[in-house]
K.L.:
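Mind having a look at this structure? Questions to follow.
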Amino acid sequence: MTQVKSTSSTNEGVNFISFTKSYINGQWVEGNSGRNYDDLNPFDHSVITSIPIASREQLEDAFQAAKAAKKEWAANTKLRQDVLKNFIQYLQNNQEAIINTLVLETGSSVLKSQVELHLTTSLLEESLKIVDSLGKVKTVDPTMPGKVNHVYRLPLGVVSTIAPFNFPLFLSIRSIAAALALGNTVVHKPDIQAGLSSGSVIAKGLEESGIPAGVFNSILTDIQEIGDAMLEHPDVKLICFTGSTAVGRHIGRIAGGSFKRVALELGGNSPFIVLKDANIDQAVKAAIFGKFLHAGQICMAVNRFIVHEDVYDEFAKKFVEHASKLPYGNPQDPTTIVGPLINQVQLDKALNKIDKLKAAGADVLLEGQLIGNVLTPYVFGNVDNSSEVAQSEFFAPIAILIKASSDDHAIEMANDTEHGLSSAIFTSDLARGEELAIRVEAGMTHVNDQTVNDLPNIPFGGVKASGVGRYGNPWIIDEFTETKWVSVQEQERQYPF
């Protein structure tokens with residue numbers, strides 16, 4: 001039997017910056033593509049470290065290792081429990097080093113990094129509750145004499161996980177934890193921009209937690225090198241992806257042709273609806289958090305503020321006042337709220353949206369600034385909900401306010417988008433708020449709270465172009481296991497011919 005190592009406080013102070021190799025079949029392997037990626041600090045564009053890009057052949061090694069390890073891993077419930085418990089302890093022992101890595105590599109504020117680590121450990125704790133799902137057998141009442149019906153949960157096999165840069169640790173673990181808990185093996189590809197936070201931190205933690213070779217593999221590579229191999233590999237049974245709708249559509253086309261399962265969390269255009277009976281002061285506090293956490297680089301971040309005309313002016317005034325006072329700058333300063341965007345491409349997209357809003361005649365309620373690589377908050381008013389810019393995802397500290405003439409008009413505009421991930425409604429009438437929440441075409445609607453919410457025991461996911469599948473216990477079990485019906489005919493059955 002595989003022996004599980006226990007983690008200890010001796011791991012404190014680990015420097016994840018030095019872990020620039022891929023983790024394949026239980027070994028740290030230097031990428032051999034012949035190319036390197038300079039991992040940049042988004043705040044000052046200094047080089048944190050250089051990562052050797054892994055080759056397509058090394059990715060194939062990872063898939064072969066995962067395939068070979070899946071049978072033993074699925075069969076050992078206690079081993080899975082022990083590894084996950086040890087991993088939780090590892091994250092707790094190395095909080096400071098992990099937070100520092102997130103801040104340095106992704107431009108996350110200290111507050112956002114602390115939130116992300118807390119969400120990650122909470123999710124892992126919840127995943128422990130589903131480890132024994134493979135051993136549970138459900139008996140279904142018979143509808144014919146002498147037949148016993150049993151329903152089993154079986155692991156899918158090899159799972160391909162592809163993570164984004166914005167919440168790299170949490171959004172990686174969301175898929176990895178469920179996959180491992182339910183007896184699957186994993187080949188994981190982080191966004192190379194967050195390769196340490198999303199790949200190396202997890203690989204080192206699982207290695208120290210006693211995970212057997214091949215069960216988890218992290219490959220530090222890019223699309224230029226591997227193309228669609230994470231999607232097309234014949235051993236992959238499930239593709240987990242968090243990212244843009246455009247890439248999600250591409251994954252869906254490939255997966256559909258090969259009858260692979262997908263769990264996709266895609267782009268959002270989250271509406272924040274303020275009704276005329278809302279507590280404006282509280283709505284503004286929630287709005288600021290839901291818009292400017294991580295400089296707006298969150299799929300659930302508020303994208304459109306849809307405000308009843310009776311309270312529009314009051315909301316706008318108080319929102320601008322609050323936004324103008326948010327601390328910005330170097331995310332290593334623990335007081336910073338608004339840090340840099342992840343890279344120059346994202347910054348250029350944000351500046352382009354600002355130009356479009358101004359050209360369209362939107363009211364400039366708060367003129368931000370570009371200070372170094374930090375874009376300070378912008379607020380625009382009287383934006384047309386049907387405009388191109390309002391129908392696109394910002395991923396930047398840019399807020400747009402849209403005026404609604406009635407509650408029904410607000411809901412109509414909230415639903416006028418191809419996306420449907422998260423949403424929010426502020427009102428003093430909670431019963432009415434819940435009625436309206438059901439009418440919002442989104443996978444999640446929060447009454448008197450902001451849009452950036454996630455819990456490990458809720459059905460997290462979107463509708464329309466915002467995704468396929470649901471995370472959260474117990475819904476996640478359906479995504480990461482195969483349902484198997486076994487019937488046992490205990491009495492001789494009579495056949496008609």
Side-chain angles (χ1 to χ4, degrees), residues 1-2 4 63 66-85 123-161 174-187 211-212 214-216 233-240 255-264 443 455-461 463 467-497:
M1 178 180 293
T2 304
V4 179
F63 278 118
K67 181 180 179 181
K70 65 181 183 179
K71 183 176 181 180
E72 181 181 349
W73 177 249
N76 197 329
T77 301
K78 186 176 186 306
L79 177 60
R80 284 183 275 123
Q81 288 175 330
D82 288 345
V83 168
L84 289 171
K85 287 178 181 177
L123 190 152
L124 283 162
E125 288 166 354
E126 189 70 25
S127 72
L128 286 169
K129 300 177 183 178
I130 63 174
V131 169
D132 64 352
S133 297
L134 298 183
K136 292 179 180 177
V137 181
K138 181 179 179 181
T139 300
V140 180
D141 293 338
T143 58
M144 65 172 59
K147 182 180 287 294
V148 176
N149 298 296
H150 290 153
V151 179
Y152 291 81
R153 292 284 188 177
L154 304 177
L156 296 174
V158 179
V159 174
S160 173
T161 60
R174 186 172 62 181
S175 296
I176 292 167
L180 296 179
L182 293 167
N184 302 287
T185 55
V186 175
V187 176
I211 199 164
V215 173
F216 174 78
H233 197 280
D235 291 324
V236 171
K237 304 304 180 185
L238 169 66
I239 303 166
C240 300
S258 303
F259 299 103
K260 298 180 188 294
R261 290 195 191 184
V262 295
L264 306 175
L455 294 170
N457 60 344
I458 52 89
F460 182 98
V463 299
V468 177
R470 290 294 182 270
Y471 289 91
N473 180 23
W475 299 271
I476 193 73
I477 298 172
D478 289 333
E479 308 291 344
F480 284 78
T481 61
E482 197 75 69
T483 303
K484 172 83 174 185
W485 170 34
V486 175
S487 76
V488 179
Q489 191 68 34
E490 295 181 331
Q491 300 176 10
E492 289 186 356
R493 180 177 174 179
Q494 300 302 310
Y495 300 98
F497 58 88

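Quick note: residue numbers are just sequence positions, from 1. Values below: every heavy atom of this structure, side chains too, minus hydrogens, waters and symmetry copies.
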K.L.:
If you define the side chain from C-beta out and look only at heavy atoms, does anything of V215 sit under 4.5 Å from V186?
P.N.:
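Heavy-atom side-chain distance check fails, nothing below 4.5 Å.
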K.L.:
With sequence neighbours left out, write down each residue that passes side-chain hydrogen bond (donor to acceptor under 3.5 Å, both in side chains) with Q489, or none if nothing qualifies.
P.N.:
K147
K.L.:
Taking A255's backbone N and O only, do any of them form a donor-acceptor pair with S258's side chain (distance below 3.5 Å, no angle check)?
P.N.:
no
K.L.:
Just by distance, with hydrogens left out, do T483 and Y152 show a side-chain donor and acceptor under 3.5 Å apart?
P.N.:
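No pair is found: no donor N or O on one side chain lies under 3.5 Å from an acceptor on the other.
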K.L.:
Would a distance-only check, ignoring hydrogens and angles, find a side-chain to backbone donor-acceptor pair under 3.5 Å from E479 to R470?
P.N.:
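Judged by distance alone, yes, a pair lies under 3.5 Å.
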K.L.:
Less than 4.5 Å apart, side chain to side chain, heavy atoms only: is that true for V159 and C240?
P.N.:
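Yes, their side chains come closer than 4.5 Å.
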K.L.:
If the condition is side-chain hydrogen bond (donor to acceptor under 3.5 Å, both in side chains), which residues does N149 pass it with, not counting sequence neighbours?
P.N.:
W485
K.L.:
K85 and L128: side chain to side chain contact (heavy atoms under 4.5 Å, CB included), yes or no, with the steps?
P.N.:
CA-CA 8 Å; K85 287 178 181 177; L128 286 169; 3.8 Å; yes
K.L.:
Please step through side chain to side chain contact (heavy atoms under 4.5 Å, CB included) for the pair K484 and V486, ending with a clear verdict.
P.N.:
CA-CA 6 Å; K484 172 83 174 185; V486 175; 4.0 Å; yes
K.L.:
Give the intermediate values and the outcome of side chain to side chain contact (heavy atoms under 4.5 Å, CB included) for residues D478 and R153.
P.N.:
CA-CA 9 Å; D478 289 333; R153 292 284 188 177; 2.6 Å; yes
K.L.:
Determine whether a donor-acceptor pair (N or O, by modelled atom type, separation under 3.5 Å) exists between the side chain of D132 and the backbone of G135.
P.N.:
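No, D132 side chain to G135 backbone: no donor-acceptor pair under 3.5 Å.
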K.L.:
Testing the basics here: between N184 and G157, what is the closest heavy-atom pair and its distance to 0.1 Å?
P.N.:
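Answer, listing the atom of N184 first, then G157: OD1-N, 2.9 Å.
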K.L.:
Run the side-chain hydrogen bond (donor to acceptor under 3.5 Å, both in side chains) test against T161 and tell me which residues pass, sequence neighbours left out.
P.N.:
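So T161 forms a side-chain hydrogen bond (donor to acceptor under 3.5 Å, both in side chains) with H188.
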K.L.:
Would you say W73's side chain and T185's backbone share a donor-acceptor pair under 3.5 angstrom?
P.N.:
no
K.L.:
Side chains of N473 and E126: donor-acceptor distance under 3.5 Å anywhere?
P.N.:
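Yes - a donor-acceptor pair under 3.5 Å links their side chains.
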K.L.:
Between NZ of K129 and CD1 of I477, what distance do you get to the nearest 0.5 Å?
P.N.:
11.5 Å
K.L.:
Specify whether F63 and H233 have parallel, tilted or perpendicular ring planes, treating 30° as the upper limit for parallel and 60° as the lower limit for perpendicular.
P.N.:
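Aromatic pair F63/H233 classed parallel.
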K.L.:
About how many Å separate CG of L182 and CG of L156, when rounded to the nearest 0.5 Å?
P.N.:
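Atom-to-atom, L156:CG and L182:CG are 8.5 Å apart.
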K.L.:
Between V148 and P142, is any pair of side-chain heavy atoms under 4.5 Å apart?
P.N.:
no
K.L.:
Quick check: do V140 and V151 have side-chain heavy atoms less than 4.5 Å from each other?
P.N.:
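Side-chain contact under 4.5 Å: yes.
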K.L.:
So which atom in Y471 and which in S175 form the shortest heavy-atom distance, rounded to 0.1 Å?
P.N.:
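Shortest heavy-atom separation between Y471 and S175 comes out as OH-OG, 3.0 Å.
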K.L.:
Any side-chain heavy atom of V131 sitting closer than 4.5 Å to one from T77?
P.N.:
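The answer is yes; the side chains approach within 4.5 Å.
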K.L.:
Taking salt bridge (charged side-chain N to carboxylate O under 4.0 Å, His left out) as the definition, give me every residue that meets it alongside K260, ordered by chain and number, with sequence neighbours left out.
P.N.:
none
K.L.:
To check you understand the geometry: which heavy-atom pair defines the closest contact between A74 and L134, and what is its length?
P.N.:
O-CD1, 4.0 Å
K.L.:
In chain order, what residues pass the side-chain hydrogen bond (donor to acceptor under 3.5 Å, both in side chains) check against E482, with sequence neighbours excluded?
P.N.:
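By the side-chain hydrogen bond (donor to acceptor under 3.5 Å, both in side chains) rule, E482 matches R261.
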K.L.:
Ignoring hydrogens, what is the shortest heavy-atom contact between L238 and V236? Give both atom names and the distance.
P.N.:
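So the two residues come closest at O-CG1, 3.5 Å.
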K.L.:
For R80, check salt bridge (charged side-chain N to carboxylate O under 4.0 Å, His left out) against everything at least two apart and list the hits.
P.N.:
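Not a single residue meets the salt bridge (charged side-chain N to carboxylate O under 4.0 Å, His left out) criterion with R80.
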K.L.:
Specify the closest pair of heavy atoms between V463 and G443, including all atoms of both residues, with the distance to one decimal.
P.N.:
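Heavy-atom minimum between the residues: CG2-N, 4.0 Å.
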K.L.:
Between S127 and L84, is the side chain to side chain contact (heavy atoms under 4.5 Å, CB included) condition met? List the steps.
P.N.:
CA-CA 8 Å; S127 72; L84 289 171; 3.9 Å; yes
K.L.:
Could you tell me whether the side chain of S160 reaches within less than 4.5 Å of the side chain of V187, counting heavy atoms only?
P.N.:
no
K.L.:
Quick one, P474 and N457 - any side-chain contact, counting heavy atoms below 4.5 Å?
P.N.:
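Sidechains of N457 and P474: no contact.
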K.L.:
Taking the side chain as every heavy atom from C-beta outward, state whether T481 and L154 have any pair of such atoms under 4.5 Å apart.
P.N.:
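No. Closest side-chain heavy atoms not under 4.5 Å.
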